[in-house]
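Hydrogens, waters and symmetry mates are skipped; everything else that's a heavy atom, side chains included, is used. In what follows, every chain begins at residue 1, and chains take the letters A, B, ... in the order their sequences are listed.
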Number of protein chains: 2
Amino acid sequence: MPKAKSIHIENVVASVTLNQRLDLNLIAERLPNTEFDPDQFPGLVLRLEQPKTATLIFNSGKMVCTGSKSEKDAVKAVKKIVESLREVGIDIKNEPIIQVQNIVASANLGIEINLEEAAFLLENTMYEPEQFPGLIYRMRDPKVVILLFGSGKLVCTGAKREEDVYTAVDKVMEILMEKGIIRE
Amino acid sequence: MPKAKSIHIENVVASVTLNQRLDLNLIAERLPNTEFDPDQFPGLVLRLEQPKTATLIFNSGKMVCTGSKSEKDAVKAVKKIVESLREVGIDIKNEPIIQVQNIVASANLGIEINLEEAAFLLENTMYEPEQFPGLIYRMRDPKVVILLFGSGKLVCTGAKREEDVYTAVDKVMEILMEKGIIRE
DNA sequence: AAGGTTTAAATGATATATAAATATTTAGTT
DNA sequence: AACTAAATATTTATATATCATTTAAACCTT
């Protein structure tokens with residue numbers, strides 16, 4: 001059975017519900033590292049250095065945390081933000097409900113791929129090199145999108161669980177071998 | 001005969017004639033829940049909570065009642081407004097003449113529709129998905145406009161009577177089946 | 001060496017389009 | 001100058017895109 005040489009979680013996006021409305025102007029005033037321009041976008045942007053993330057905060061009390069390298073770090077970032085808000089006197093009444101919405105990962109199959117051939121032999125594929133150098137492969141189970149590159153490197157996005165990333169990468173590698181697109 | 005799964009009247013617009021001129025500044029002073037900014041728009045806006053409506057009142061004594069969920073509620077709203085005006089000392093001499101001008105309804109056909117195909121097979125149709133996701137179908141009898149969506153949901157607007165909504169929805173469903181765009 | 005190309009996902013406001021009455025101003029056309 | 005047409009505002013369902021955020025891959029153009 002083929003084994004991908006390396007898989008890295010590159011980005012985790014999580015949605016958060018606080019179940020209470022927030023005064024974004026107040027938050028912008030009291031917390032540094034925030035950007036808030038409601039004419040441009042309704043969410044306030046809060047950047048953390050550790051874990052390195054950018055979180056969008058909405059007046060509905062919902063948030064979107066992006067940029068963390070693991071589900072754990074996303075949770076850590078959200079807890080840190082809630083703590084910061086409480087420290088500056090913004091009363092957060094409930095514990096945040098956190099849901100991972102998307103995981104982006106990169107992997108290296110360790111073998112070059114003929115994308116022209118792959119596009120011809122695989123289903124659910126899009127490959128337009130003058131538009132984008134990667135082949136876009138939509139996997140139904142797990143439901144993810146894989147960007148395959150000629151170098152043998154790939155990007156997997158759309159996963160809801162870290163486990164799905166590993167399953168998807170194993171699966172795409174098996175399919176590529178079955179179809180004879182790569183052999184090892 | 002096909003039956004639409006659900007039809008809801010979403011909005012009724014009615015015009016009203018009182019046959020006497022009105023002092024909108026006086027009304028704005030004496031009634032709460034009113035907005036009046038003649039530089040912006042010549043009509044005064046009066047919002048009712050029950051039935052939930054927004055009514056435009058003009059100095060000509062004409063009004064436009066919007067937002068009610070039935071013809072009956074539109075009449076109820078107008079009567080309530082006339083009563084309110086009389087209560088604050090504004091003498092309304094005649095009974096209001098009320099005419100339903102537009103009824104907006106939504107329905108769910110319960111089956112997905114290929115709009116590309118529908119646009120090709122139907123007449124009096126406009127479909128430009130990058131401008132608007134719905135297909136616009138102009139029915140001559142009853143004279144209504146139907147916005148058809150890929151989900152099988154639709155919006156019917158332009159009807160003058162509630163009955164016309166039901167007729168129009170039945171008719172569009174029959175036409176879609178006749179042309180083989182949907183089958184059930 | 002930057003920045004643009006593509007993919008996924010959530011957030012919420014606004015825009016797109018439909019019909020209808022009402023009245024006022026402004027813009028554009030004869 | 002007289003005329004028409006559109007924008008101003010109200011409501012409502014429907015469903016898309018946009019705005020901004022993050023991240024990797026590799027290829028293109030500045």
For this session: Output all residues satisfying salt bridge (Lys or Arg N to Asp or Glu O under 4.0 Å) with A:Glu35, sequence neighbours left out; order by chain, then residue number.
Result: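 Checked A:Glu35 against salt bridge (Lys or Arg N to Asp or Glu O under 4.0 Å); matches are A:Arg47.
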For this session: With sequence neighbours excluded, tell me which residues meet salt bridge (Lys or Arg N to Asp or Glu O under 4.0 Å) with B:Arg161.
Result: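 For B:Arg161, the residues satisfying salt bridge (Lys or Arg N to Asp or Glu O under 4.0 Å) (neighbours in sequence not counted) are B:Glu163, B:Asp164.
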Problem set entry | Expected output: side-chain A:Arg21 to main-chain A:Gly61 donor-acceptor under 3.5 Å |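 Judged by distance alone, no pair lies under 3.5 Å.
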How close do [X] and [Y] get, heavy atom to heavy atom, and via which atoms?
| X | Y | result |
| --- | --- | --- |
| B:Val12 | B:Glu71 | CG2-N, 4.1 Å |
| A:Ala168 | A:Ile146 | O-CD1, 4.0 Å |
| A:Leu24 | A:Leu44 | O-CD1, 3.4 Å |
| A:Cys65 | A:Thr53 | SG-CG2, 4.0 Å |

Whole-Å gap separating [atom2] ([N]) and [atom1] ([X]):
| X | N | atom1 | atom2 | value |
| --- | --- | --- | --- | --- |
| B:Ile113 | D:dT14 | CD1 | C1' | 12 Å |
| A:Leu46 | D:dA20 | CG | P | 19 Å |
| A:Ile111 | D:dA25 | CD1 | P | 19 Å |
| A:Phe36 | C:dT11 | CZ | P | 18 Å |
| B:Phe58 | D:dA9 | CZ | C1' | 8 Å |
| B:Met63 | D:dT11 | CE | P | 16 Å |
| B:Asn108 | D:dT12 | CG | P | 20 Å |
| A:Ile57 | D:dA20 | CD1 | P | 18 Å |

For this session: Just do the side chain to side chain contact (heavy atoms under 4.5 Å, CB included) check on B:Lys160 and B:Asn102 with the steps written out, would you?
Result: CA-CA 5 Å; B:Lys160 295 275 184 195; B:Asn102 185 26; over 6 Å; no
Exercise. With a 4.0 Å cut-off on heavy atoms, is B:Ser60 in touch with a base, just the backbone sugar-phosphate, or nothing at all?
Worked result: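 Sugar-phosphate: the residue B:Ser60, judged by heavy atoms under 4.0 Å, touches backbone atoms but no base.
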For this session: Identify whether any heavy atom of B:Asn59 sits under 4.0 Å from a base atom; if not, whether one sits that close to sugar-phosphate; answer base, sugar-phosphate or nothing.
Result: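 Sugar-phosphate: the residue B:Asn59, judged by heavy atoms under 4.0 Å, touches backbone atoms but no base.
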Dump the pairs, protein N or O against N or O of nucleotides 4-8 of chain D, anything under 3.5 Å, distances to one decimal.
none

Exercise. Among the nucleotides C:dT18, C:dG12, D:dA24, which one has an atom lying closest to any side-chain atom of B:Arg138?
Worked result: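 It is C:dT18.
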Can you tell me how far the [atom1] atom of [X] sits from the [atom2] atom of [Y], to the nearest 0.5 Å?
| X | Y | atom1 | atom2 | value |
| --- | --- | --- | --- | --- |
| B:Ile175 | B:Met173 | CD1 | CE | 12.5 Å |
| A:Ile98 | A:Leu18 | CD1 | CG | 9.0 Å |
| B:Thr167 | B:Glu162 | OG1 | CD | 12.0 Å |

Problem set entry | In one Ile/Leu/Val/Met/Phe/Trp/Tyr side-chain cluster, 4.5 Å: B:Tyr137, B:Val144 |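 They do share one cluster, since a chain of ILVMFWY contacts under 4.5 Å joins B:Tyr137 to B:Val144.
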Of all of [range], which get a heavy atom below 4.0 angstrom from DNA chain D, listed by number?
| range | value |
| --- | --- |
| residues 71-105 of chain A | A:Val104 |
| residues 145-161 of chain A | A:Leu147, A:Phe149, A:Ser151, A:Lys153, A:Val155 |
| residues 124-137 of chain A | A:Phe132, A:Pro133 |

Problem set entry | Contact under 4.0 Å: A:Lys62 side-chain N or O vs C:dA9 OP1/OP2 |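 Negative; the distance criterion is not met.
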Exercise. At under 4.0 Å, does any side-chain N or O of B:Lys52 touch on OP1 or OP2 of D:dT11?
Worked result: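 For B:Lys52, the contact criterion (side-chain N or O under 4.0 Å from OP1 or OP2 of D:dT11) is not met.
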Problem set entry | Given DNA chain C, 5'-ward residue of the pair B:Asp39 and B:Leu56, judged by closest heavy atom |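 Comparing both residues, the 5'-ward one is B:Leu56.
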Problem set entry | Min side-chain heavy-atom separation B:Asn59-B:Asp23 under 4.5 Å |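 Of all side-chain heavy-atom pairs linking B:Asp23 with B:Asn59, none is under 4.5 Å.
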For this session: List the steps and the verdict of salt bridge (Lys or Arg N to Asp or Glu O under 4.0 Å) for A:Lys143 and A:Asp141.
Result: CA-CA 5 Å; A:Lys143 191 175 171 295; A:Asp141 186 37; over 6 Å; no
